[in-house]
Amino acid sequence: MADTTLMDKLVSLCKRRGFVFQSSEIYGGLGSVWDYGPLGVELKKNVKDRWWRAMVHARDDIEGLDAAILMHPKVWEASGHVAGFTDPLVDCKTCKARFRADKIQDAQCPQKPSKHPGEHSTCELTEPRLFNLMFKTFMGPVEESAAVIYLRPETAQGIYVNYLNVLQGSRQKVPFGIAQIGKAFRNEITPGNFIFRTREFEQMEMQFFVKPGADAEWFEQWREIRMGWHHALGLNPARLRWHQHGPGELAHYAKAAYDIEYEFPFGWNEIEGIHNRTDFDLQRHQAASGKKLDYFDQAANERFVPYIVETSAGADRVTLTTLVDAYREEQVEGETRVVLGFHPSIAPIKAGVFPLVKKDGMPEFATRLYHDLKRQVPAFYDDSGAVGRRYRRMDEAGTPFCITVDGQTLQDGTVTVRHRDAMNQDRVAADTLAGWIKERTGD
Ligand code: GAP
């Protein structure tokens with residue numbers, strides 16, 4: 001059963017605390033497009049930074065890239081997206097709603113939500129038609145004569161068309177990878193579930209170039225590495241699983257594919273795909289561009305077009321996963337405490353700094369400490385209301401440590417550190433605090 005209450009609570013918390021807002025809200029919102037507020041932008045950035053660190057900085061065999069969103073229109077013909085990146089759609093002539101033909105059984109009839117489209121007496125569904133998911137736009141000043149170009153529906157193609165450029169500049173040798181984080185756009189027919197499926201989103205993709213024949217082994221290695229990354233993000237392993245694509249599910253470019261799925265309140269769903277794309281993309285670009293895209297292996301004195309193992313995660317989807325996984329409610333002293341129990345490395349704010357009371361020099365000490373801390377880790381100063389209330393506000397924001405300056409601080413220079421999850425307290429010397437926090441957050 002879908003736990004819609006939990007999603008409703010999360011969406012409302014995200015708006016209230018400044019994680020995620022609907023795009024263009026004052027105009028009624030734009031369907032399935034979302035903006036990240038002050039806490040959300042930090043959370044998503046931390047997710048992306050952890051990915052970049054693991055995939056680029058920590059490895060000798062992967063280089064980074066930032067390719068443009070707009071690409072030559074022939075890229076999308078060669079990649080197969082113009083012809084094949086489609087969903088089958090049906091329209092209801094009565095209510096004018098549009099549904100994915102292959103998802104009718106998951107959809108509700110707008111006229112009678114207890115029924116599926118087509119089941120109500122007045123429904124009149126059309127035959128399925130193929131609908132391309134790419135957004136089109138025009139390049140050049142005059143719309144009629146301008147070239148039609150597309151907003152990229154995946155970041156991967158920017159990597160394929162640049163792989164020889166990267167190879168030359170970096171002195172890498174096959175096997176090696178190219179990683180990229182960037183926006184992608186899809187005119188999804190059934191977007192929804194908050195930031196799970198949106199029309200504008202960010203991908204964290206890595207394409208690993210290998211010798212044909214070595215692909216199956218690298219595919220297995222990358223599966224293991226990527227699942228390990230999600231575990232290291234602090235996600236509950238019991239809520240993660242593999243889904244292997246059957247022959248009917250495989251994308252047009254894939255020989256083998258596994259999804260990493262997470263158990264959301266609305267069911268198990270994909271957060272990352274690992275694909276064996278073979279030499280499909282490079283062969284297609286080689287044929288369409290007329291440029292050789294093969295690789296010369298000096299040691300073996302042979303040429304080949306590399307096979308590609310792709311790892312493709314959605315930054316927004318992983319961010320949603322961290323929010324869902326972290327959300328919990330607990331009863332504390334007769335009150336409900338809402339906590340976002342993020343792994344400290346992705347928490348948007350690492351430390352809340354409070355003076356116990358607004359007198360006796362405590363605010364001055366706390367302000368100095370806060371400014372010093374803020375230069376090193378994201379911190380937040382709060383002196384309003386009872387300390388218990390300030391803890392609750394930080395719990396909701398997912399802040400792992402709350403620092404209180406009290407009477408003892410003025411005598412011996414130590415502060416109270418309260419831990420978000422266990423709610424226990426330590427005393428730490430104020431002048432060692434930044435290092436103490438960084439040790440625990442990996443900053
Ligand atoms: N380059 C391969 C590729 O794009 P995909 O399975 O279509 O494969 C990869 O997408 C990942 O991108 C998904 O696992 C998901 O995390 C994210 N993603 C795809 N479509 C999305 C959407 N409409 N909204 C948010 N994230 C999306």
Side-chain angles (χ1 to χ4, degrees), residues 20 23 30-34 36 44 47-48 51 65 67 69 71 75-76 79-81 84-87 100 103 131-135 150-161 177-208 219 222-223 226-227 229-230 233 235 240-245 249-262 264 266 268-278 280-282 284-285 308-324:
V20 181
S23 162
L30 182 66
S32 291
V33 184
W34 299 89
Y36 287 80
K44 185 169 156 190
V47 167
K48 291 187 287 184
W51 186 87
L65 180 76
I69 288 171
M71 300 184 75
V75 167
W76 306 108
S79 69
H81 284 81
F85 196 54
T86 51
D87 275 345
R100 263 178 65 171
K103 301 271 182 198
F131 176 83
N132 197 296
L133 301 185
M134 285 196 294
F135 280 99
Y150 302 95
L151 301 187
R152 68 181 176 201
E154 61 170 11
T155 61
Q157 301 300 326
I159 294 181
Y160 304 144
V161 300
I178 304 177
Q180 168 162 237
I181 298 178
K183 291 265 186 178
F185 303 82
R186 296 182 190 177
N187 197 3
E188 300 277 5
I189 306 314
T190 48
N193 289 320
F194 194 29
I195 52 172
F196 177 80
R197 180 170 286 109
T198 54
R199 296 193 166 107
E200 172 177 342
F201 55 97
E202 257 181 303
Q203 289 187 312
M204 308 183 288
E205 295 202 305
M206 191 282 301
Q207 314 295 325
F208 205 73
F219 184 68
W222 277 111
R223 280 183 57 201
R226 291 308 305 151
M227 184 60 103
W229 184 83
H230 289 281
L233 204 57
L235 299 180
L240 289 165
R241 73 175 187 194
W242 287 108
H243 166 73
Q244 182 177 13
H245 284 213
E249 274 176 283
L250 282 174
H252 61 274
Y253 49 72
K255 165 175 148 187
Y258 276 85
D259 293 337
I260 296 177
E261 292 188 337
Y262 181 81
F264 289 97
F266 45 89
W268 286 95
N269 276 285
E270 171 190 350
I271 56 174
E272 169 157 359
I274 323 289
H275 311 126
N276 182 343
R277 293 182 76 131
T278 70
F280 175 87
D281 301 273
L282 292 183
R284 295 280 294 238
H285 287 306
I308 290 164
V309 175
E310 167 183 68
T311 73
S312 176
D316 309 84
R317 232 176 242 191
V318 175
T319 301
L320 176 63
T321 312
T322 64
L323 281 161
V324 168

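Counting starts at 1 for both ligands and their atoms, following the listed order. Throughout, numbering of the chain's residues begins at 1 and tracks the sequence.
One option in D281, T198, T321, N187 has a heavy atom closer to atom 24 (N) of ligand 1 than any other, and that option is T198. Checking R197, R152, R186 against atom 4 (O) of ligand 1, the nearest heavy atom belongs to R186. Across the listed options R199, Q157, Q203, Q203 owns the non-hydrogen atom lying nearest to atom 10 (O) of ligand 1.
Scanning the protein for heavy atoms near atom 13 (C) of ligand 1, the closest one is E270 OE2, 3.3 Å. Closest to atom 17 (C) of ligand 1 among all protein heavy atoms lies G314 CA, 3.7 Å. The protein heavy-atom contact nearest to atom 18 (N) of ligand 1 is F201 CE1, 3.6 Å. Among protein heavy atoms, atom 9 (C) of ligand 1 sits closest to S312 OG, 3.0 Å. The nearest protein atom to atom 15 (C) of ligand 1, hydrogens excluded, is given as R317 NH1, 3.4 Å; this is a heavy-atom distance.
Here the OH atom belonging to Y253 is positioned 4.5 Å from the NE2 atom belonging to H275, to the nearest 0.5 angstrom. In this structure, CG on N269 lies 7.0 Å from CG on N193, to the nearest 0.5 angstrom. Atoms CG and CD, from L30 and E200 in turn, are 9.0 Å apart once rounded to the nearest 0.5 Å. Distance check: R317 CZ to F264 CZ gives 7.5 Å after rounding to the nearest 0.5 Å. We find the CE-OG1 distance between M204 and T311 to be 9.0 Å, quoted to the nearest 0.5 Å. A distance of 5.5 Å separates CZ of F196 from CZ of F266, quoted to the nearest 0.5 Å.
Below 4.0 Å from some heavy atom of E310 lie the following atoms of ligand 1, by number and element: 1 (N), 2 (C). Those atoms of ligand 1 with a heavy atom of E188 less than 4.0 angstrom away are 20 (N), 22 (C), 23 (N). Every atom of ligand 1 with a heavy atom of E272 under 4.0 Å away is listed here by number and element: 14 (O). Of all atoms in ligand 1, numbered sequentially from 1 with element shown, those under 4.0 Å from a heavy atom of H275 are 2 (C), 8 (O). Here is the list of ligand 1 atoms found below 4.0 Å of a heavy atom in I271: 14 (O), 16 (O). The ligand atoms of ligand 1 that sit less than 4.0 angstrom from a heavy atom of Y253 are 2 (C), 3 (C), 8 (O). Ligand 1 places these atoms under 4.0 Å from at least one heavy atom of F196: 24 (N), 25 (C), 26 (N). Heavy-atom contacts of E154 reach the following atoms of ligand 1: 1 (N), 2 (C), 3 (C), 4 (O) (cutoff under 4.0 Å).
Between D281 and the options R284, R277, H285, a side chain to side chain donor-acceptor pair (under 3.5 Å) holds for only R277.
Ring geometry, F280 versus H252: the interplanar angle exceeds 60°, so the pair is classed perpendicular (tilted spans 30 to 60°).
Counting heavy atoms from C-beta on, the side chains of W51 and M206 come closer than 4.5 Å. Contact check for N276 versus T278: side-chain heavy atoms found under the 4.5 Å cut-off.
For the 3.5 Å distance criterion, the side chains of Q180 and E205 fail to qualify, holding no donor opposite an acceptor.
Here the side chain of N132 pairs no donor or acceptor atom with the backbone of N187 at under 3.5 angstrom.
For D316, the heavy-atom gap to ligand 1 stays at 4.0 angstrom or more. Ligand 1 has at least one atom lying under 4.0 Å from a heavy atom of R277.
Of the heavy atoms in E205, only side-chain atoms (C-beta onward) come closer than 4.0 Å to ligand 1.
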